[in-house]
Amino acid sequence: MSTKKRKKSPKTATRTTAAKAARGGAKAAANKPAAKAGKAVARKTANKAVKKSGKPANSAPATTSHKAPSKPLKSAPAAGPKSALVEGAKAPAFRLPRDGGDSVSLADFAGSKLVLFFYPRADTPGCTKEAIDFTRLKGAFEQSGAAVLGVSADSVKAQESFRNKHRLSVPLISDEKHEMLQAYGAWGEKSMYGRTFQGILRTTVLIGADGRIARVWRNVRVDGHADEVLAAARGL
């Protein structure tokens, strides 16, 4: 017998290839039902998801756009002051204690002109000068038919000490709850040394004999201010 391997004949190779193909086809046929079943389950699951979400199962996920809007957005306007005192408006009523233990109200000056000067704190340099200036011109204001009142958030005791120390003759009102200060727009945000806080805004208001606001001075500078108010009272 020859030691050389016998070569397969073309017929034998063909039969072997056909057999392998047959076996592969049988396996593929066997796997088709399982594949179809898997696809059917996937379709049912996708259909349920569509019914619940209302969106197509194959829709692409939403993406967030980081592009700038085509039109600039308008910011909401800043809120204005709760009580904006304007010329011509009726003067807000008040009744508060004053130095000496009595109380004073707007009704006490019905039919006459009235000057209200709001100052931040008793016995401080600017407030002292302002109160002294109005005291100096008190007689002139009376001749023009106007009374003068000073207003701050100091206690009655502090107002009395302030009056006695500087011999002030104008009545000083104590508004510790800031009710009158807010009504007349003399209470708001202030800044000092880089710090912001709520406090008294130096303000002066001239009320006419008709009980209406005739003139408002805001962010008052003390020098010459009392003389300016007197001139306005004389011309009213």
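Counting from 1, the numbers follow the sequence of the chain as shown. All heavy atoms count here, side chains included; hydrogens, waters and symmetry mates do not.
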What I'd like to find out is whether the side chain of [X] reaches to under 4.5 Å of the side chain of [Y], using heavy atoms alone.
X    : Y    : answer
F109 : L149 : yes
R98  : V156 : no
Y184 : V151 : no

Hydrophobic clusters here meaning ILVMFWY residues chained together by side-chain heavy-atom distances under 4.5 Å, can you tell me if [X] and [Y] are in one?
X    : Y    : answer
L116 : I132 : no
I213 : L201 : no
V148 : I207 : no

Would you tell me whether S155 and E176 have side-chain atoms, one donor and one acceptor, within less than 3.5 Å of each other?
->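 Not at all, the side chains of S155 and E176 share no donor-acceptor pair under 3.5 Å.
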Residue pair S105 / D108, side-chain donor-acceptor N/O under 3.5 Å |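 Their side chains do contain a donor-acceptor pair, which is all the 3.5 Å distance test asks for.
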Apply side chain to side chain donor-acceptor pair (under 3.5 Å) to S169 and list each qualifying residue two or more places apart in sequence or on a separate chain.
->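 Checked S169 against side chain to side chain donor-acceptor pair (under 3.5 Å); zero matches.
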Pairs involving residues 187-201, ordered by first then second residue, that meet side chain to side chain donor-acceptor pair (under 3.5 Å) (sequence neighbours left out) |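 For residues 187-201: none.
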Look up atom CG in N164 and atom CD in Q159, then write down how far apart they are to the nearest 0.5 Å.
->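 So the gap between those two atoms works out to 11.5 Å.
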Between CZ on residue R202 and OG on residue S152, distance to nearest 0.5 Å =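 OG of S152 is found 10.5 Å from CZ of R202.
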Just by distance, do the side chain of D154 and the backbone of R121 share a donor-acceptor pair under 3.5 Å?
->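 No, because the side chain of D154 does not come within donor-acceptor range (under 3.5 Å) of the backbone of R121.
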For residues 220-236, please give each side-chain donor-acceptor pair under 3.5 Å, one per line with the distance, not counting sequence neighbours.
{"unit_1": "H225", "atom_1": "NE2", "unit_2": "T204", "atom_2": "OG1", "d": "2.7"}
{"unit_1": "E228", "atom_1": "OE2", "unit_2": "W217", "atom_2": "NE1", "d": "3.2"}

So, are R212 and E87 salt-bridged, with charged N and O less than 4.0 Å apart?
->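 Here R212 does not pair with E87 in a salt bridge, since their nearest N and O are not under 4.0 Å apart.
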In terms of the angle between their ring planes, are F117 and F134 parallel, tilted or perpendicular, with boundaries placed at 30° and 60°?
->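 Ring orientation of F117 relative to F134: parallel.
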